[in-house]
Enquirer: 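Here it is: the structure, laid out below.
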Amino acid sequence: MVSTAHPLATEAGLRMLEMGGNAADAAVAAGFAVAIVEPTMNSIGGRNQILLRTGDGEVHGIDGTTQAPWDYDPATAERASYGYAVIGIPGAAAGLLKLHAEHGSLPLATIMAPAIDYAENGFRLLPADAARQASAADEALQFPGTAAAYYTEDGTPRRAGDILVQPDYAETLRKIVAGGHDAFYRGEIARTMAADLQANGAPIDLDDLAQYEAEESRIVLGSYRGYELLGTDLPAAGALVIQALQIMENFDPGSLTEPEW
C-alpha cells in the first residue's frame, strides 16, 4: 500500500510497485514526488525520517533531518521566524538517496521520473496548498526566487486548480539522477545553494553541505496491549509515541468520559 499527503505522490509510488519495484522504490518515488506537488509542506530542501522492515524481518532507520553547521552558536545567531536565518542543512535528498542505495531495486532514473514529469509538465494545485501559498504570500514574496517559482508574474497567489510548472526544479532533479548525493551536496547544486545562502546571511557554506550525510537512526522498541511497537528515536517522534501508548495502556479507553479522554 502507498499512502501520501497528495494523490499524485501516491500514484508515483504505486507506479513503482506495478513495475516490480519494492517498498523502498515506492517510498523514494513518492518522497521526491510529494516535494514537487505539495511545495508548502515538502521539499528536497527539507528533512525526513525513514523506518523500514525488510522481508526477513530486519528493521532499519535513516535519519535525514536538517542539521546546524558545526560552528553554529545559538546564543549569537540571528533571531528570526522565517527567511535565510532559519535555514538548516537539508537532509531530505540524502535520506531518500540513502534509502534507494541500500534497499532500492529499480534505477534511480525510473524512480524519479514521475517527480520530474510533475515539475516539468505541471500539475493542478489542490485547495489546501493554494490556501497556504496565499496565507504566506506577504513573507514569501520578499524572496525573488520563491516569488518566481510559486506565484504569478504580478505576485498574486495561484488558485486551486491552477497549473504549477517548475522547470528549474525538473532540471535540479535531473542533476540528482545523474550525480546522486554528490550532485546535491558537493556539485553544481551545492555551489549554487551555498552562494545564495552566504550572500544573504545564512550560517551555511559549501563545506557544511559537503560534510552532510544521512545517518543510521537508533531504533526504539515498546509494546501496547500485546502489539510490538517499533520507531525511530529523537529527533523523530517514535519514542514519544511509544511512551504515550504505554501510558494509555493503563486505562480502558472505552470507559473514559469525554473530559477524561
Side-chain angles (χ1 to χ4, degrees), residues 1-53 62 64-66 90-100 103-137 140 146-152 156-177 184 231-232 236-238 241:
M1 180 182 291
V2 179
S3 175
T4 78
H6 195 290
L8 289 178
T10 298
E11 184 179 314
L14 179 61
R15 199 182 308 172
M16 299 306 115
L17 299 182
E18 291 173 340
M19 294 172 66
N22 60 24
D25 297 321
V28 175
F32 277 111
V34 80
I36 298 295
V37 298
E38 198 188 35
T40 58
M41 300 296 289
N42 288 279
S43 166
I44 57 170
R47 58 188 177 185
N48 53 36
Q49 287 278 330
I50 301 169
L51 177 66
L52 67 115
R53 186 200 290 267
I62 296 174
T65 49
T66 45
L96 292 172
L97 293 170
K98 181 178 176 70
L99 175 60
H100 174 257
H103 301 282
S105 63
L106 296 175
L108 188 60
T110 300
I111 290 171
M112 292 181 64
I116 293 171
D117 177 56
Y118 297 152
E120 187 158 63
N121 297 311
F123 63 95
R124 294 189 184 279
L125 277 180
L126 292 184
D129 221 294
R132 286 189 293 266
Q133 290 191 25
S135 68
T146 305
Y150 298 111
Y151 294 82
T152 63
T156 57
R158 299 181 190 277
R159 293 180 292 185
D162 286 354
I163 301 293
L164 177 60
V165 179
Q166 303 168 89
D168 290 341
Y169 217 150
E171 184 59 29
T172 296
L173 295 183
R174 285 196 182 90
K175 290 174 182 175
I176 294 174
V177 169
F184 188 85
T232 48
V241 171

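The structure displayed is predicted, hence computed values, not measured ones.
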Enquirer: If you look at every heavy atom in I176 and L108, which pair is closest and at what distance?
Expert: O-CD2, 3.9 Å

Enquirer: I would like to know whether R174 and E120 meet side chain to side chain contact (heavy atoms under 4.5 Å, CB included); could you show each step before the answer?
Expert: CA-CA 11 Å; R174 285 196 182 90; E120 187 158 63; 2.6 Å; yes

Enquirer: Closest approach of I116 and L173, non-hydrogen atoms and distance?
Expert: CG1-CB, 3.6 Å

Enquirer: Run the side chain to side chain contact (heavy atoms under 4.5 Å, CB included) test on R158 and Y150 for me, step by step, so that the C-alpha distance in whole Å, both residues' side-chain angles and the decisive distance to 0.1 Å come before the verdict.
Expert: CA-CA 8 Å; R158 299 181 190 277; Y150 298 111; 5.7 Å; no

Enquirer: Is there a side chain to side chain contact (heavy atoms under 4.5 Å, CB included) between L17 and N22 once you walk through the steps?
Expert: CA-CA 6 Å; L17 299 182; N22 60 24; 5.8 Å; no

Enquirer: Rounded to the nearest 0.5 Å, how far apart are OG1 of T232 and CG of L51?
Expert: 5.5 Å

Enquirer: For the CG atom of L126 and the CG atom of L164, what is their distance to the nearest 0.5 Å?
Expert: 11.5 Å

Enquirer: Do R132 and T40 have side-chain atoms, one donor and one acceptor, less than 3.5 Å apart?
Expert: yes

Enquirer: Enter the distance from M16:CE to S105:OG here, rounded to the nearest 0.5 Å.
Expert: 10.5 Å

Enquirer: Taking all non-hydrogen atoms of both residues into account, name the closest pair between N48 and G95 and its distance.
Expert: OD1-CA, 3.7 Å

Enquirer: Heavy-atom distance under 4.5 Å between the side chains of F184 and P90, does that happen here?
Expert: yes

Enquirer: Roughly how far apart are T65 OG1 and R47 CZ, rounded to 0.5 Å?
Expert: 7.5 Å

Enquirer: Which pair of non-hydrogen atoms, one from A12 and one from P114, has the smallest distance, and what is that distance?
Expert: CB-CB, 3.6 Å

Enquirer: Apply side chain to side chain donor-acceptor pair (under 3.5 Å) to T146 and list each qualifying residue two or more places apart in sequence or on a separate chain.
Expert: none

Enquirer: Quick one: CD1 on I36 to CZ on F123, what's the gap to the nearest 0.5 Å?
Expert: 7.5 Å

Enquirer: Donor-acceptor check, side chain of T4 to backbone of T10, threshold 3.5 angstrom: yes or no?
Expert: yes

Enquirer: Nearest 0.5 Å, what's the CG-CD distance between D129 and E38?
Expert: 5.5 Å

Enquirer: Taking all non-hydrogen atoms of both residues, which atom of A160 and which atom of P127 are closest, and how far apart?
Expert: CB-CA, 3.6 Å

Enquirer: For residues R159 and A130, report the shortest heavy-atom separation together with the two atoms involved.
Expert: C-CB, 3.9 Å

Enquirer: Counting only N and O atoms by type, is there a donor-acceptor contact under 3.5 Å from the side chain of Y151 to the main-chain atoms of A140?
Expert: no

Enquirer: Between the main-chain N or O of G161 and the side-chain N or O of R124, is there a donor-acceptor pair closer than 3.5 Å?
Expert: yes

Enquirer: Can you tell me if T172 uses its side chain to pair, donor with acceptor, with the backbone of D168 under 3.5 Å?
Expert: yes

Enquirer: Under the criterion side chain to side chain contact (heavy atoms under 4.5 Å, CB included), I'd like the reasoning laid out for V165 against N121: C-alpha separation, chi angles, the key distance, then a yes or no.
Expert: CA-CA 6 Å; V165 179; N121 297 311; over 6 Å; no

